[in-house]
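In what follows, a structure is listed as structure tokens, so that the remarks can point back to it.
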Amino acid sequence: MSTDQNLLESVRAHRTRLAAAMLFGAEGRERPRRSMLARLLIGVVIAALAAAACVGVGYVQHVLEQQRIERQQVSNSEPAPTAVPSLESGSTT
């Protein structure tokens, strides 16, 4: 047999062992479906929470960016303060 063939058989054996371990566990007996369903639901809930957190962080960043842009526009649109001419004691206007 070639080295490639040995490697492919080794990978196939590892996949089979991993699948058996996931289905039957360390004890060698099949896990109850209820246990697997509970783990699946917990995984879905964790994934939903992670997605909600990502959306929330994105929204907060968007709002903060919009506020920064608005402040920048307001500061750019304000006219620069002009110097007020001082009144001399002898001049009248």
Side-chain angles (χ1 to χ4, degrees):
M1 279 191 183
S2 69
T3 307
D4 292 338
Q5 188 66 26
N6 288 339
L7 181 62
L8 289 174
E9 286 183 19
S10 174
V11 168
R12 190 176 305 126
H14 285 279
R15 284 185 184 168
T16 304
R17 287 180 187 165
L18 284 174
M22 185 164 176
L23 289 174
F24 302 113
E27 294 120 22
R29 57 188 175 104
E30 190 172 358
R31 291 182 181 172
R33 292 187 192 275
R34 185 174 180 182
S35 171
M36 291 174 62
L37 182 61
R39 289 181 183 194
L40 176 68
L41 290 176
I42 290 171
V44 169
V45 168
I46 290 172
L49 289 174
C54 290
V55 169
V57 168
Y59 177 75
V60 168
Q61 286 179 343
H62 175 72
V63 168
L64 291 174
E65 181 68 17
Q66 290 295 338
Q67 289 177 353
R68 186 188 64 78
I69 290 171
E70 288 174 6
R71 280 194 308 259
Q72 200 173 36
Q73 288 174 349
V74 167
S75 67
N76 289 343
S77 66
E78 289 179 357
T82 57
V84 177
S86 61
L87 295 174
E88 295 177 13
S89 59
S91 67
T92 58
T93 51

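All residue numbers in this chain count up from 1 along the given sequence.
Of the candidates Gln66, Glu65, Gln67, Gln61, Val63 forms a side chain to side chain contact (heavy atoms under 4.5 Å, CB included) with just one, namely Gln67.
Using a distance-only test at 3.5 Å, with no hydrogens or angles considered, a donor-acceptor pair links the side chain of Ser75 to the main chain of Arg71.
For the atom pair Leu41 CG and Ile46 CD1, the distance stands at 11.0 Å (nearest 0.5 Å).
Salt bridge status for Arg12 with Glu9: absent, with no side-chain N to carboxylate O gap under 4.0 Å.
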Inset, instruction - Evaluate side chain to side chain contact (heavy atoms under 4.5 Å, CB included) for Thr3 paired with Leu7, printing each intermediate quantity in order. - result: CA-CA 6 Å; Thr3 307; Leu7 181 62; 5.6 Å; no
